[in-house]
Structure formats: C-alpha cells, structure tokens
Amino acid sequence: MMQRSNSECSLFPHEQFWILSKRIVTPDGVISGAVEVRGGNIASVIEGDDLQSSVIGGHFLDYGDAVVMPGLVDVHAHLDEPGKTEWEGFSTGTRAAAAGGLTTLIDMPLNSVPSTVSVETLRLKVEASKEKLHVDVGFWGGLVPENAFNESALDSLMEAGALGLKAFMCPSGINDFPMSNSTHIKEGLVALAKYNRPLLVHAELVPDSHSSTQLNDGISDVRSYATYLKTRPASWEEAAIRDLQSAMQETRVGGHAEGAHLHIVHLSDARASLELIKDAKSSGASLSVETCPHYLAFSSDDIKDGDTRFKCAPPIRDEDNRQNLWNALLEGHIDLVSSDHSPSAPELKLFGEGDFMRAWGGISSLQFVLPVTWSYGLKHGITLTQLSKWWSERPAKLAGQDQKGAIKTGNHADFVVWEPEMEFELDESHNIYHRHPNISAYIGTRLSGKVLSTFVRGNLVFSDGEHAPKACGVPILAK
Ligand SMILES: NC(=O)N[C@H]1NC(=O)NC1=O
Ligand SMILES: [Zn+2]
Ligand SMILES: [Zn+2]
C-alpha cells in the first residue's frame, strides 16, 4: 500500500485504510461497522458485525467498543496569535484541541494583536498559523464600528476568506475591538447576505444607567462570586436580544438581509432571553444560538469566593437556570455547544487577590469539552447522536464547512475515537496539553469519556497521549 506523501503528519501514515468499531456515530444512527479512508476523505461507510475478513490485506485499526464520532468543530475559540502567545497560540491551542478530539476550530477575531478586522489583519493570522496547526482552523472576522458602514471593507474581508463576522454589544475588554450597536449589526448582516455567511454576536447590553465607572465603584466584597453575578444580570442578555429583534427580522425571506444568518454566542440566560430567541425563530428569522460547557456544568452555588477560574461573561448563573439550559438544548431551542475557550496569562486571573471585578474573564477549556459535555449530559440522558449534532454537525454547518461534521462518504476523514465509559480524575495523572492548566475551572473534577485518537483529514494526529511529529492542519478560508 502507498504511504501518504508526508508521513510525519500522521501516526498511521497510509493513503488508504479502514477504521473498525462497534459504535460509529453516523447521521443515520450508531452502527457497528467500518469507515474506509482514502486520500484524507471518507471513501465508504459499511455496516456489519464481522468486517475483519473484508479488510484483511489492507491497513486497518480496530477500535472495538470505543466510539468513532465526527471530530468536534468548535466555532468559538480564542487562539490569541499573533500578539498574545503568552495567553494561548496556534501551536499550543491546536495541540490541546487534537488531544481533546476537536478537529476544527474557528478562531475569534479578538484577543490577538491586532484584532482580525481587515484583510491585512486576517493575512497576519493566516501567516502566523503556518506550520503550527495540529487541527484545521478557520477565522471569523470582526465587525466593529470602523468597518460596519464600509461595505467594500467587509466585502474584501469576506473575499479574503473570513467565514463570517463577530460583534460585541458590550465592551469586549480589548481596546482595538470596540463594541457595536444594533445599527452596525444590521449593516453587517446586509453585507453578509450575499455571501451566505453568519454574524455572531456577544449579546449583553449595558443599560445606560450603568456607566462602567459606576459599576465597579464602591464594591467592597470583590472576592464574592455573588457580587460579580449581580454586576452582570440576565437582564443584560435580554436587553441585547431585544435590541437585535429588528435586525433578526431582516434575515427573514424578503428582508433586507435575506441570506444572512445571526448567531448568538454563549447564551447563559435560559429564561427571558431564551424566550425571545424562541419567538424570533418561530417568526422565521434565520437565527441560531450556542451555549458553552461551563454554563452546562457549573452553577453559581459551586463557585467559591475568590476562585476567578470561573469568571466569564455572561456569568455562570443559578442551578435552576442550568437545568433550563439543558432542557433547551434537549428540546432543540439551543442549537449547538462551543467552548468559548478564552485563556489569559495566569497572572491576569489574580489568584492572589481573588478579585472577581478585575480578573480576566474567560474560561479555559479546549481539551476538556468532550468529556465535560458528556459527563454532565449523562444526568440528562443525552445520546451520542445528540452530542454529535451539538458538537459537530451543527457547528460545521454554521461555519459553512459542508465536508465536515458528519461521518458520511465524501466528507473529510475527521474523527475522534473515545471511550465514553472510561472515568478519570482531571489531575496531574491525566495527559494534559492545556497551555495553562491551573487556570482551567475543570481541573480537579472527575469526568467520564477518554479520548484515544483523533484524525484530521485522514491523518492520525493524536493517539494514546502522543501527537504526530508534524503539524499538518490547514487554515480554512472561505471561497
Ligand atoms: N475577550 C474575550 O475573550 N471575552 C470572552 N471572555 C468571556 O468570558 N466572555 C467573552 O466574551
Ligand atoms: Zn463573548
Ligand atoms: Zn469568546
């Protein structure tokens, strides 16, 4: 059999091979059978219990009872390069992704320096990613007041390959990424309509009555999580979504932005905000929404004062709200899950002071999202098929990646092989590739679901605790 041209890209470097398993997650259900990989794509999927004899003579990997699922597609990762590699980077972030069973990441336009808001800055991203990617990485561009009314600037960003745009409706915490209002967002949607690409929105709106100085003034118990939670109430999410209503309506058939799609990132409020989203969806708006593993795993009662690992925006809310998020996900009102992996240099988490008001807001989770979603989801009876829709099929669709996100003939051979029943302590005894493990809220938890192997376009990029020698992921640019 032919070897692949660059054998260093894969720990199993064959042009053609079979993957066998008793649990292969396909769009038509979980089957026992085999997937044939050829030239990095899925050449065939066959069902049957005894396929060893059919693949004999060829190269094959028999994973037995371990689950073979489409690789996870994370539409919300902050990789922070160029400019902030002390926070994260293409190499470290994608190594953690590969170890966690994620095969595609879509990078957010902020936290790197500069932010990705123009053709030039997108080129800097792509340049900086060269030879560092262990998985495939696409890029969202930023919608900011400076480019929102400049259709030709947005056109060139789209033509240069940005998969869509991302906007903030509240201060982003990053100086060169100012916030947008609903008028900017409407303009952005109109510009995106002809490309059929989405606009992602961080939906929190600070009421006029709260200037940022007022907000943090006079707060004495800065170590208290309850205090932080009160400073970013659910009404901020609700106000933002309400403010987006007319923009959403423009995405309907016949609207000014027909063809564009609005996606609300990291929903935390599963009450009034969720109701507004349901209404907009049923009125025909082209709208979707994600939540994140940290909102599904934790509730405010779990967070100890001073433990700023849990600081994020919008904040993690009460236990009832967490249960509502699960219900909304199971009922299909929440479409998908993303990491919002947003690490920083550890010192910015201010562990010494435990100051929730001043610490960096962002959860560090990339390598752990699969076992976390699965472990907490088990209590809600989730299935492998649902998990795969939330983490692969729907995110791939949002990012316009029609060859990813499902195990079917013709798609990229992007897989995670994992053992859902295997439990482990997330501590030093586990292989951790996370850049800064000490800032991750998940360290110290017990999880179920161990990743064995990860394949990206047929390359076995991670197996049994080891990465392939060469980083052969590619930058994904929209055409
Ligand atoms: N800038 C940035 O990454 N912000 C993210 N962090 C967080 O907790 N929520 C966000 O939007
Ligand atoms: Zn955000
Ligand atoms: Zn984010």
Side-chain angles (χ1 to χ4, degrees), residues 74-81 83-84 86-89 93 105-117 138-144 164-180 185 198-206 212 225 228-229 231-232 234 236-237 240-241 244 262-269 273 289-298 300 303 307-317 336-345 348-350 356-366 369 395 398-399 435-436 439-442:
D74 184 4
V75 295
H76 194 152
H78 296 264
L79 294 175
D80 307 349
E81 189 168 354
K84 284 272 177 62
E86 66 281 18
W87 290 20
E88 185 57 284
L105 305 179
I106 317 296
D107 177 55
M108 278 292 165
L110 71 163
N111 299 7
S112 48
V113 185
S115 294
T116 319
V117 293
F139 308 91
W140 301 121
L143 179 81
V144 289
L165 295 170
K166 158 78 178 286
F168 260 75
M169 294 180 79
C170 62
S172 72
I174 299 290
N175 290 337
D176 74 340
F177 204 95
M179 66 182 194
S180 295
I185 287 169
L199 173 57
L200 285 72
V201 179
H202 177 127
E204 280 186 295
L205 195 68
V206 188
S212 60
Y225 185 72
Y228 173 61
L229 186 54
T231 64
R232 290 189 96 106
W236 286 23
E237 287 185 73
I241 293 163
L244 286 172
L262 193 86
H263 177 77
I264 295 181
V265 298
H266 55 44
L267 184 79
S268 172
D269 172 34
S273 305
V289 57
E290 73 191 25
T291 191
C292 306
H294 38 282
Y295 303 118
L296 295 167
F298 304 123
S300 46
I303 305 173
D307 195 350
T308 57
R309 293 180 305 161
F310 294 87
K311 178 177 176 181
C312 60
I316 294 164
R317 306 191 191 280
L336 58 100
V337 187
S338 75
S339 72
D340 195 12
H341 175 66
S342 182
S344 68
L348 297 181
K349 280 291 195 182
L350 305 178
F356 270 106
M357 303 313 299
R358 285 174 42 249
W360 171 256
I363 298 276
S364 186
S365 60
L366 206 48
V369 293
L398 180 71
R435 177 69 193 274
H436 300 298
I439 65 169
S440 177
Y442 297 106

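Heads up: numbering here begins at 1 and tracks the sequence. Side chains included, hydrogens not; waters and symmetry mates left out as well; all remaining heavy atoms used. Both counts, for ligands and for their atoms, begin at 1 and track the order of listing.
- Each protein N/O/S atom under 2.8 Å from the Zn ion (ligand 3) was counted, for a total of 3.
- Using a 4.5 Å cut-off on side-chain heavy atoms (C-beta onward), Ser180 and Val201 make no contact.
- When side chains are defined from C-beta on, His263 does not count as touching His76, because their heavy atoms never get closer than 4.5 Å.
- Lys349 is not listed as a side-chain neighbour of His436, based on a closest heavy-atom distance of 4.5 Å or more.
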Run Leu229 and Phe356 through side-chain contact (heavy atoms from CB on, under 4.5 Å) and show every step you take.
CA-CA 9 Å; Leu229 186 54; Phe356 270 106; over 6 Å; no
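- Between Phe310 and Phe298, the ring center distance clears the sub-6.0 Å criterion.
- Side-chain contact between Leu267 and Tyr295: absent, with no pair of heavy atoms (C-beta onward) separated by less than 4.5 Å.
- The shortest non-hydrogen separation linking Ser440 to Arg309 is O-NH1, 3.1 Å.
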Would you sort out whether Asp340 and Val265 count as a side-chain contact (heavy atoms from CB on, under 4.5 Å), showing the intermediate values?
CA-CA 9 Å; Asp340 195 12; Val265 298; over 6 Å; no
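- Every protein residue with a heavy atom nearer than 4.0 Å to ligand 1 is included here: His78, Leu110, Asn111, Phe168, Ser172, His202, His266, Cys312, Ala313, Asp340, Ser342, Trp360, Gly361, Gly362.
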Give the C-alpha distance, both sets of side-chain angles, the deciding distance and a yes or no for side-chain contact (heavy atoms from CB on, under 4.5 Å) between Phe168 and Leu110.
CA-CA 10 Å; Phe168 260 75; Leu110 71 163; 3.5 Å; yes
